[in-house]
Structures are given as C-alpha cells and as structure tokens.
Amino acid sequence: MARPFDVHAVETKWQEHWATEGTYEVNNDDPREHFYSLCMYPYPSGSAHQGHIRNYTFGDLVVRYQTMRGKAVLSPFGFDSFGLPAENAAIKARSHPRIFTEARMAELRSSVERLGAVYDWRRLVVSHDPTYMKYAQMIFLTFWRAGLAYRATAPVNWCPGCGTVLANEQVLPDGTCERSGDLVERRELEQWFFRITDYAEELLNDLDGLEWPERVKVMQRNWIGRSAGVEFDLPLVSDPSLALRVFTTRPDTGFGITYAVVAPEHPLLEHLTTPDQREAVDELVTRARAASELERTATAEDGSLAKRGAFTGSYVRSPFTGAEVPVYVADYVLGNYGTGAIMGVPGEDERDFAFARAYDLPVVRTVAPPAGHEGAYGGEGRHINSGFLDGLTVAEAKAEATQFLVEHAEGHPTVNYRLRDWLISRQRFWGCPIPIVYCDSCGIVGVPLEQLPVLAPDDVTMDQTGQSPLATHPGFRDTTCPQCGGPARRETDTLDTFTDSSWYFLRFADPFTPDRPFDAVQAARWMPVDQYIGGIEHAILHLLYARFYTKALVDVGLAPGLPREPFARLFTQGMIRLQGTKMSKSKGNLIAPERYFDTVGADGLRVFHLFVGPPADDVDWTAQTEDVIEGCARFLDRIYRLATSDLAAREYDASRDDAVRRAVHRTIAKVGADLDRWSFNTAVAALMELLNVLTRWAYAENTVSTATFDEALDTLLALLAPMAPHLSAELWERRHPDEPSVHLQPWPIADPAWTVEPRVTMVVQVDGKVRARLDVDPEITEESAHAAALAHPDVVRWLDGRAPVRVIVRAPRMVSVVTR
RNA sequence: GCCCGGAUGGCGGAAUCGGUAGACGCGGAGGCCUCAAAAGCCUUUACUCGCAAGGGUGUGUGGGUUCAAGUCCCACUCCGGGCACCA
C-alpha cells in the first residue's frame, strides 16, 4: 500500500526525539499530581508478539493521555529475566542463559521502542541484575528473620519435565504442570516456604476495595477458599483418653454422623488400625502415596468412591447421639486440610454419600429435603432426626450445634483456608540463589548483608538430574559459616521467579536511593499503581504473590507507610487468537508485528489494536484482519492529506463554522469520556467521524473558514496524540514549528456551549411504533412537543381519527401516543 | 455439577440512564478520475414485499413487565472462561 508520507522516517525521527529529550523521564519530586501506569513485567522471550503490542499500546495510551491531562506519569520498564525457557535453551545450545536472555531483552526493548511506547529507561529493572538480586536476597532474609520464610519437609509437587518443584499455583487442576504439561509427582522434600497463609484473611478482605475486574477477584477468593466451621473431638471407643479431631462446616448435621474418615497421612492412623485390618489399610496408604492427583480423581469419574477407602477396625463415639461409628481411612480426605479427618454425614454431603454407598454405611437424613429428592441434600430446610435441633433452619441449627460442641466435645469455631503456604525453592540454575548457609554447629545461617548478592558462578553444569545445578559445583556449594567460620554448605536452590515480579513495581518507584531496595518515602509518592495492565493469565499467581509481598514488606519494616495493596486499578486485556487458539510463541502460531512496522507503521498498528474491539475482549486474527489494519492506516493517511493540503485560499462561508465547531467539541467530550472508561474502539470511531466531517467540508464544499478549520485540525491532532503519537507529533510540528510538541499540549477541554445541538430529531410513536420524525429545538417544552407531535400529518394519518388515550412526552427526544 | 461472562447485518463491533437498533470500520455493489491500473474521491449496502410512494419483520429461543425492551424479570439453548474430593 502506497503511503502519502515516509512512515518509517517520521517514526524514527520522533522515537529519537523522545529518547534524547527524555520526554517521559519523571522525577520523584515532580510537583504535578502523580500517576503510576504499569504494564506487567514481561519475560524476555524475544521480539514482541501481538499480545505485547496490544499491552504496550494500551499502556502507552494511558501514559500519554495522563501526561496531557497535566500529570507526572511514572512509566517504567523492566524484564522478568530469570526463568526456565532461557535455561532450557542454554542447555540445548551448551551456552549460558544470560547470553540468551540479554539478546532477547534487547530484541523486546527494540520492539517496544519501535512501537513508540515511551518509558523512563533510567528506572530499568532486570531480575538477574546483581543489584536487584542483592535486594531480592535482602528481602528474603528479612522475611526469614520475621518468621515469614521457613524451611519444612512437606509433600511437594515435582515436575519431571521442568526438573524442579512447583508451587500449588503452578499445578493445573488435572495434576499437570502449567508450563511443561508433564504429570506432576508428589515428593517428600525439605523446602523453603513463605507464610502467605498468615495473610489469607487480609488478602481476602482487601479485594473488596480494589478496582479490579470482578472475575479476577472471584478467582482469588476461590483460590484463598475461606471456610468457617467447627473443630471438635470424636473420642475413641477403645481408649476415651484419645480422640479424633475433625473439622466441619456443617455442625448442624452432626446427628447424621454414621462413620468417620481419616486421611492416609493422619498421625493417629497407626494407632487406629487393628491387626485384622492392617493389610487393607497398608495397601490403601501405599496406593494413595504413589498415586498422582490425576490417577486419584480418575477413579472417581463415575462419582463412586469405591476402592478409595479401608476400615481401620476402630470406632469413635458421636457426641450428638452417643453412638459408636466406624473409622475409615480414605484418600478423598486430605492430610493437609483442616484436621485431616472428617465426620461422615452421608445425608447432607455428596462425597460422604458416595462413600457410604460404596462401603454400605447407613444414611441418616438430618435436613428434610424437598419431595422426591434423591441422594445427599446440601440445601436449606428444617432439621429432622436431630434431637434438640429438630425444626430449626440450617443457620439456627449451626449456631446451636456449635454451642453444643463447645460445651461437650472440646469444640471451637475455626476458619480454614484452601490457600497453602508458597513453596519458593526451585532446583534450577537460572534464578536468584537463596542466601542461606547450613553450618553443622550453627544450623541455618543467613548470608550477611555485606556479602550480598550471592551470585551463581558461570561454570555450572545445568543438566537436569533432579538436583539443583548449583549443588554440583563444589566451589559454590562449599563455603565457611559466616558466624563461626567453620566449614559450611550453601543453599543450592534458587528462588521462584515469581518472587522477582512480586516487588519490581516498588523498585521502579525508587531505584535511585542507594543501599536499599527502595526508599519507602520515595516509593510512597507513586504507590499504589494507578493503572496496572496485563493478561488474565496472571489472575491468581502473580497478582496474589505481589499483594502478599507488598503487605509483608510493610510489616517487616522495609516499606513503612506504604499502601498495603500494590495495584489500585487493574485492567486485563483480551488475548489474540488464531483459529480459535491463543496466539503464543509456545504454540508457534505467531503473526509477527515487525512486518507491519514498515508498511502501516507503529501508528497504524496501534490504531488497529485500539479500534478492533473492546480492549477486554479477545481478538480473532482472521483473513479480514489485514484489511482492517490497512483501513486504520488509511485513516491516518487521510489525516495526513487533510493536514498538509493547502486550504487557505478557499472561500469563506461563516454559516458552516458553527456546525464544525460543534462537531469538534462533541468529539472532545466523547473521546475524553471514552478513554476514561477504556472504550478505545469508540474513541477511535469518534475521531474517524470528526475526520469525515472535516473532509467533507474542506474538500467537497470549500466552505470552512481557516480559523475554524485550524482549530478543528489542532484538536483532532491533540486527541489523536495518545493513539498515533508519531503522526500527530509530526503534523503538529509542521503546523506549529515554534510551539512545544503536541504531547506537551494540554488535553482539549470541551466547551459545554458547543456540545449541544441547535436542532434535534424528535420521534413520534403511535402505539409503540415510530411513525414520524420532527426537527425540533432541544429546549422545546413538553406542551409544544405534545402539540407538534399530534399535528404532524403522518401522525394524523396513523391515528386515523382515533383519539389518543394517553400521550407520553419526553422532550425533546420522543413523544409516544397511545390509542388503546 | 457450581460460579462468572457472552450471543446484535456478510464480518469486527456501536447503542454510557428503558426512549430513532446497526455509529465507526472491513467486505460487497455502482460511479468519478485514468490510455489502463494502482491510489484517491463520491453514492449505496439489516432482511423482506413493492415499479414507486410506502409497508412488514428484525438484537440466540420461549414467555413476561412497560406507552416503549438489544437494555429489566422468568425459563431455556448454545459459546467462552474459571472452579470442582478443601469436609
């Protein structure tokens, strides 16, 4: 497609201009109102793909728009540069992940600069930068000393494909690794954890105050999984000094207990198992331990819980009925949730019902189900078969039953969370080493601050053997104890890379103060982030971890006075799809943005991403897409031609000026409102409409006065500036060579006097159908509208002599005449 | 199974507070310019009946509320996403 100007020359000219002028560098003490705009920290996977382009187009629009609105806008950039892909690539090529990573960082940076997205590059943050690592390690040690990091042996998720353990959040519901797709194994390992569960309640409650998409909040609420209930004792029949402690959210159904179940890992299982049941129990425990999540749940496909439990031979006594009920062991009860043991209430719980069916256990209903209901009933109803609870509603009975358990069964109300502590150890090389030393005499010792950062040596063999690559490097592994000076051994695991993206936004706010991660007073000038932009795929992992870090940093004293929530407003953009599947590097179905940079240019590609649909919606890349991109470039070309054509000699007819000026001011109002509500596609459409108005008058009728036309064109360029920054800057400069750039101009303000129309169309409905349209004054009174509507010949015709029964007047928009 | 979204012309989408459905763009049709093409410009484009004037129908389906429903209510279908042994 032939363009009327040299797109490439114009775009590079302005990109160099913004870089050399430092237009978008901003200091912390800037007196203007502060605004922090941030796109999610990218993993450097090479040159930008369409998802990046979309992300940075939105982010850059926000930055430039808010700047023109008079704010000091913080717009930083950085790289989440540690991670598995670079390490795997390095193993394959017998190279070093740093080499891959830095080459790809350069590519991505070049792409975003080519897009014309502007940043304060002085604030660049890179995860593998030794300075950043030093503070990442300092934060880890501070958390550890505050008791928020701890080392424990636990059954963990081991991914054979990645050669490392994973956090719960990285395991998909089907038990596979979210990254490699391998079936995750359970291994018993000693690992480092962050005590995120200490913050479960706050992480849940603070969601309410965030301007985030509701579905992201719902996902986080589900993930945290708060459930309030009661813990109480079921005494052993054989030894009443011992009891099985269970947790339930339905204490009201206690009269329906017909059995109890313990998890295969339960500490009391050994004691509960009688000699004649030993074999069956051992077999079940062995099977449960070996089975993956997937295999376990697969057996339950048909809803049956057969073969998933075994009788222990013991009995406990129900505090409600005094009855002796059998104790089973079953893998559907989890060892690490609640007390690892439950009461079996098949009447009201579906799993219990399925288990009772499979093991032929009695079912006692305690809540009357609706007529004809089969199976377990978990809904509302009146209690039956429940002694002192009979006749009560579920809520009433819960309160009564809780009270009873407190008095008679060592009970107390408890809250449990689905959320587990965050496993942060990774048996990989390309990450930040955990700054810990193990000494035989001193135990676990933190590396002293002055010895940070702990850096991995470069000559490490990274082959995946299941142990940390660093452990195979004696020079790194063997060290001396910082406390006693004796021989010691370093921690050889690295930190989960999600720790890096959990505080980078704070480092952006103040990378200038020496000797600390950031200065709290400086960071507080920007925090919280006013607008955070990224993909929905981070709804749980990154966004939950970053919230935890922010709260913890405040509590351990590294960020005194900072807000406890990092991201005030979140926008999650849609993804790009090709033939129904997500466009991504790993799927190999990319349409590279580069090809458009030289044809339609960065501005054309930006306008396309803004115009193609609502920012939150997915974009289907189809055969038509190329045409739409061309159309966006055509829109810019028309602006170029209009702005560079010579109209000064044209005739002047002042009668048309007002109409043009009204179109201009209505567009100002529309575009501003649309940008504020993230309706970028309609904002672009409004500019297209304005251009259509201007073109029509300027070319077809030659009647617009130069002054009005100039005002209109200048306004158009200003409104266009956040969307197509290069072209608008270029045309503005040509029109105003002695003035500051369009990007430094104030955002246009609509004059209310010019946003109202002198005449509007009023419709008249007869019995609900539009039968006439009238051109009226917008200030028309109800009476005049009423009279004018009934006098209209079309209305008279449609009334056909019938008298209106009712007339509803909504001047000046509409009159509704009813005859029936 | 549960919880969220969503369904509007040939296509992407618009309609912000219950008040002119289809803005804007893509694609299509016709025209101007040109030796011709490209580019550009102009007209037209929901479906349908009609020569026309002018009607009728129409926002996934079926009901309802209302003078008036894409928008609100009830039931359902399909699509997308999340959750799903957490007691």
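Letters A, B, ... mirror the listed sequences (proteins, then strands); counts begin at 1.
- With sequence neighbours excluded, the residues satisfying ring-ring contact (aromatic ring centres under 6.0 Å, His included) with Tyr359(A) are Tyr328(A), Phe355(A).
- Counting only N and O atoms by type, the side chains of Asp421(A) and Thr197(A) include a donor and acceptor under 3.5 Å apart.
- Each of Thr622(A) and Asp352(A) lies near RNA chain B, and the nucleotide nearest Thr622(A) is the one positioned closer to the 5' end.
- Between Phe608(A) atom CZ and G13(B) atom P the separation is 11 Å, expressed in whole Å.
- The side chain of Trp798(A) has G55(B) as its nearest neighbour among A87(B), G27(B), G55(B).
- A39(B) sits 14 Å from A29(B) when the P atoms are compared, rounded to a whole Å.
- Remark: the separation of the P atoms in A53(B) and U45(B) is 13 Å, to the nearest Å.
- Comparing G18(B) with G82(B), their C1' atoms are spaced 32 Å from each other, to the whole Å.
- The distance from atom CE of Met219(A) to atom P of G80(B) is 17 Å, rounded to the nearest whole Å.
- By the 4.0 Å N-to-carboxylate-O rule, Asp331(A) lies close enough to Arg308(A) to be salt-bridged with it.
- Near-neighbour residues of RNA chain B inside residues 610-618 of chain A, defined by a heavy atom below 4.0 Å, number-ordered: Phe611(A), Val612(A), Pro614(A).
- In this structure, CG of Asn416(A) is placed 16 Å from P of C85(B), rounded to the nearest angstrom.
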Side-chain donor-acceptor distances from residues 663-672 of chain A under 3.5 Å, at least two apart:
| unit_1 | atom_1 | unit_2 | atom_2 | d |
| --- | --- | --- | --- | --- |
| His665(A) | ND1 | Asp751(A) | N | 2.9 |
| Arg666(A) | NH1 | Glu757(A) | OE2 | 2.5 |
| Arg666(A) | NH2 | Glu757(A) | OE2 | 3.2 |
| Thr667(A) | OG1 | Ala663(A) | O | 2.6 |
| Lys670(A) | NZ | Asp674(A) | OD2 | 3.3 |

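- The nearest whole Å value for the distance from the CZ atom in Arg638(A) to the C1' atom in G25(B) is 11 Å.
- Between Leu234(A) and Ala260(A), the shortest heavy-atom distance links the atoms CD1-CB, 4.0 Å.
- In this entry the distance linking CG of Leu543(A) with P of G82(B) reads 15 Å, nearest Å.
- Arg221(A) comes within 4.0 angstrom of nothing in the nucleic acid, heavy atoms only.
- Looking at residues two or more places apart in sequence or on another chain, you find no salt bridge (charged side-chain N to carboxylate O under 4.0 Å, His left out) involving Asp352(A).
- Here the separation of U20(B) from A87(B), taken at their P atoms, is 49 Å to the nearest Å.
- No side-chain donor-acceptor contact under 3.5 Å links Glu231(A) to the backbone of Arg245(A).
- Under the rule for a ring-ring contact (aromatic ring centres under 6.0 Å, His included), the partners of Phe193(A) that lie at least two apart in sequence or sit in another chain are Tyr150(A).
- A distance of about 12 Å separates the C1' atoms of G70(B) and G60(B), rounded to the whole Å.
- C11(B) and G28(B) have their C1' atoms separated by 11 Å, with the value rounded to a whole Å.
- By the ring-ring contact (aromatic ring centres under 6.0 Å, His included) test, Tyr199(A) pairs with Phe548(A), sequence neighbours left out.
- Rounded to an integer number of Å, the gap from CG of Asn336(A) to C1' of C85(B) is 13 Å.
- Checking the phosphate oxygens (OP1, OP2) of A84(B), no side-chain nitrogen or oxygen of Trp223(A) falls inside 4.0 Å.
- Shown here, C78(B) is classed anti by the O4'-C1'-N9-C4 or O4'-C1'-N1-C2 angle, which is more than 90° from 0.
- Taking the side chain of Arg641(A) as heavy atoms from C-beta on, and the options A87(B), C83(B), G40(B), the nearest nucleotide is G40(B).
- Here the nucleotide nearest the side chain of Ser227(A), chosen from G25(B), A87(B), G81(B), is A87(B).
- Residues from residues 677-689 of chain A with heavy atoms under 4.0 angstrom of RNA chain B, sorted by number: Arg677(A), Asn681(A), Thr682(A), Ala685(A), Met688(A), Glu689(A).
- Judged as a salt bridge (charged side-chain N to carboxylate O under 4.0 Å, His left out), and not counting sequence neighbours, Arg638(A) has no contacts.
- With hydrogens and angles ignored, a donor-acceptor pair closer than 3.5 Å exists between the side chain of Lys670(A) and the base of U16(B).
- Separation of the C1' atoms belonging to C73(B) and G25(B) is 36 Å when rounded to the nearest angstrom.
- Nucleotides G27(B) and G81(B), compared at atom P, are 30 Å apart to the nearest Å.
- When the side-chain nitrogen and oxygen atoms of Tyr332(A) are compared with OP1 and OP2 of A87(B), none of them lie within a distance under 4.0 Å.
- The ring-ring contact (aromatic ring centres under 6.0 Å, His included) test applied to Tyr417(A) returns no partner, not counting sequence neighbours.
- Close to A39(B), at under 4.0 Å from its OP1 or OP2, lies no side-chain N or O of Arg3(A).
- The nucleotide A37(B) finds no pairing partner, because no Watson-Crick or G-U wobble arrangement with both distances shorter than 3.5 Å includes it.
- With a cut-off of 3.5 Å on both pairing distances, the Watson-Crick or G-U wobble partner of G10(B) is C26(B).
- Rounded to whole Å, the distance from CG on Asp794(A) to C1' on A53(B) is 12 Å.
- In terms of the salt bridge (charged side-chain N to carboxylate O under 4.0 Å, His left out) criterion, Asp627(A) has no residue partners (sequence neighbours excluded).
- For Glu537(A) and His542(A), the side-chain atoms include no donor-acceptor pair closer than 3.5 Å.
- In this structure, Trp621(A) reaches neither bases nor backbone, as no heavy-atom distance under 4.0 Å exists between it and the strands shown.
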Detail all sub-3.5 Å separations between protein N/O atoms and N/O atoms belonging to nucleotides 63-69 of chain B.
| unit_1 | atom_1 | unit_2 | atom_2 | d |
| --- | --- | --- | --- | --- |
| C67(B) | OP1 | Arg806(A) | NH1 | 2.6 |
| C67(B) | O2 | Ser816(A) | OG | 2.7 |

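- Here Arg226(A) lies out of heavy-atom contact (under 4.0 Å) with every strand.
- We find that CZ of Arg797(A) is positioned 8 Å from P of G54(B), with the value rounded to whole Å.
- Judged by Watson-Crick or G-U wobble contacts below 3.5 Å, the nucleotide C83(B) has G1(B) as its partner.
- Nucleic acid contact class of Gly338(A) (heavy atoms, under 4.0 Å, all strands): none.
- Residue Asp620(A) is classed as having no contact, given no heavy-atom separation below 4.0 Å to the nucleic acid.
- Base-pair partner of G60(B): C76(B) (Watson-Crick or G-U wobble, both distances under 3.5 Å).
- Lys217(A) comes within contact range of no nucleotide atom at all, as no heavy-atom separation falls under 4.0 Å.
- For Glu214(A), the salt bridge (charged side-chain N to carboxylate O under 4.0 Å, His left out) partners two or more places apart in sequence, or in a different chain, are Arg221(A).
- Side-chain contact between Phe247(A) and Val230(A): absent, with no pair of heavy atoms (C-beta onward) separated by less than 4.5 Å.
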